[in-house]
Structure formats: C-alpha cells, structure tokens
Amino acid sequence: MEKKDVVDKILKYIKSEGGKAYKTDGNYKPDIFGCLNGRCLAIECKDTGKMKGVTEGQQIELDNWEKAGAIAFATDSLEDFKEKYSRRK
C-alpha cells in the first residue's frame, strides 16, 4: 500500500474513534499530527513494507515528540498503527 493510502486510513480511523488529526506537509515533520483519547500523536507513515525507510532525522524528530509526552512512531499500515498505539496509550 502506498504511503498516501496508509495516511488516509489512519486519519479516518483516528476520526472514527473521536479523535482529531490532520496530514502535514511532511517537510521535516511527522506525516500526521493529532489527538486521540487525550494523547498527542506524531506519526510518520511509510509505504507498506518499507519501514526501513525511516531516516535518522525522522527518527530523531519522533524521539523528540515522545520525550515531550506524545505518542510518536513510524508505521506502514493501519493494523501496525493500532498495535503500536495500543501499547503506548
């Protein structure tokens, strides 16, 4: 699945669960910023099967968001998003 489709599915899921989220321009920012169940989200999306494509700069940015209290990670599918989110909420 292409990154665009992964982003769209995750955005729809967050909104269906009562959260708020939007896609960023991706310019040195995670692809999705949002809030779900009172927790800030910073999510980097990749094409399905291309998780090794997370750059060092992207990982540093995600780590900084996590240090600030956000749920922050990279994902390549809605299923992976749900699994990682459930471990962090």
Side-chain angles (χ1 to χ4, degrees):
M1 182 178 306
E2 290 185 7
K3 173 180 175 170
K4 177 191 174 304
D5 299 320
V6 173
V7 169
D8 289 345
K9 284 184 180 251
I10 293 171
L11 288 173
K12 286 179 186 174
Y13 174 76
I14 291 169
K15 291 172 186 175
S16 76
E17 293 293 307
K20 174 93 172 132
Y22 64 90
K23 182 188 179 325
T24 70
D25 61 11
N27 191 15
Y28 300 104
K29 296 184 282 289
D31 295 303
I32 296 173
F33 281 127
C35 184
L36 183 58
N37 297 318
R39 294 292 310 271
C40 177
L41 302 173
I43 309 298
E44 178 65 35
C45 296
K46 295 294 177 188
D47 290 348
T48 299
K50 303 230 174 144
M51 285 296 292
K52 292 182 181 168
V54 177
T55 67
E56 181 180 350
Q58 289 169 329
Q59 190 59 56
I60 289 169
E61 184 70 8
L62 292 171
D63 291 344
N64 287 336
W65 277 99
E66 201 161 66
K67 286 176 190 171
I71 294 175
F73 55 84
T75 187
D76 66 351
S77 70
L78 176 58
E79 294 75 23
D80 184 62
F81 169 84
K82 288 178 180 179
E83 191 270 323
K84 288 177 177 175
Y85 174 76
S86 71
R87 283 190 282 145
R88 289 171 169 86
K89 64 179 182 176

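This one's a predicted model, so the numbers in the text were calculated from it and none came from an experiment.
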Task: Salt-bridge criterion met for D8 and K4 (N-O under 4.0 Å) - done: yes
Task: Stepwise side-chain contact (heavy atoms from CB on, under 4.5 Å) test for E17 and L36 - done: CA-CA 8 Å; E17 293 293 307; L36 183 58; 3.7 Å; yes
Task: Lys/Arg N to Asp/Glu carboxylate O, K9 vs D5, below 4.0 Å - done: no
Open item on the list: If we count only N and O atoms by modelled type, under 3.5 Å, do the side chains of Y85 and N37 hold a donor and an acceptor together?
Closed with: yes
TODO: Check step by step if side-chain contact (heavy atoms from CB on, under 4.5 Å) holds for K23 and L11.
DONE: CA-CA 8 Å; K23 182 188 179 325; L11 288 173; 4.2 Å; yes
TODO: Measure from the side-chain N and O atoms of K84 to the backbone N and O of A74, and report whether any donor-acceptor pair falls under 3.5 Å.
DONE: yes
TODO: Classify the side-chain pair Q58/K46 by whether it contains a donor and acceptor separated by less than 3.5 Å.
DONE: yes
Task: Within-4.5 Å side-chain heavy-atom neighbours: V6 and C45 - done: yes
- [ ] Would you check if the side chain of D31 reaches a backbone N or O of E44 as a donor-acceptor pair within less than 3.5 Å?
- [x] no
Open item on the list: Set out, in order, the CA-CA distance, both residues' side-chain angles and the distance that settles side-chain contact (heavy atoms from CB on, under 4.5 Å) for I10 and I32, then state yes or no.
Closed with: CA-CA 9 Å; I10 293 171; I32 296 173; 3.7 Å; yes
Open item on the list: Any non-hydrogen side-chain atom of M1 less than 4.5 Å from a side-chain atom of S77?
Closed with: no
Task: Electrostatic pair D63-K67, nearest N-O below 4.0 angstrom - done: no
Task: Donor-acceptor pair, side chain of R87 and main chain of K82, under 3.5 angstrom - done: no
TODO: Begin with the C-alpha distance, continue with both residues' side-chain angles, and end with the deciding distance and a verdict on side-chain contact (heavy atoms from CB on, under 4.5 Å) for C40 and I71.
DONE: CA-CA 6 Å; C40 177; I71 294 175; over 6 Å; no
- [ ] Answer with yes or no whether the side chains of D76 and T48 bring together a donor and an acceptor at under 3.5 Å.
- [x] no
TODO: Examine F33 together with W65 and report whether their ring centres are nearer than 6.0 Å.
DONE: yes
Open item on the list: Within the structure provided, determine whether L41 and C35 are in side-chain contact (heavy-atom separation under 4.5 Å).
Closed with: no
TODO: Have a look at T75 and tell me which of D80, V7, V54 forms a side-chain contact (heavy atoms from CB on, under 4.5 Å) with it.
DONE: D80
Open item on the list: Using a 6.0 Å cut-off, check whether atom CD of E2 has over 12 heavy atoms from anything other than its own residue.
Closed with: no
Open item on the list: Quick check for you: to the nearest 0.5 Å, what is the distance between K15 atom NZ and K20 atom NZ?
Closed with: 6.5 Å
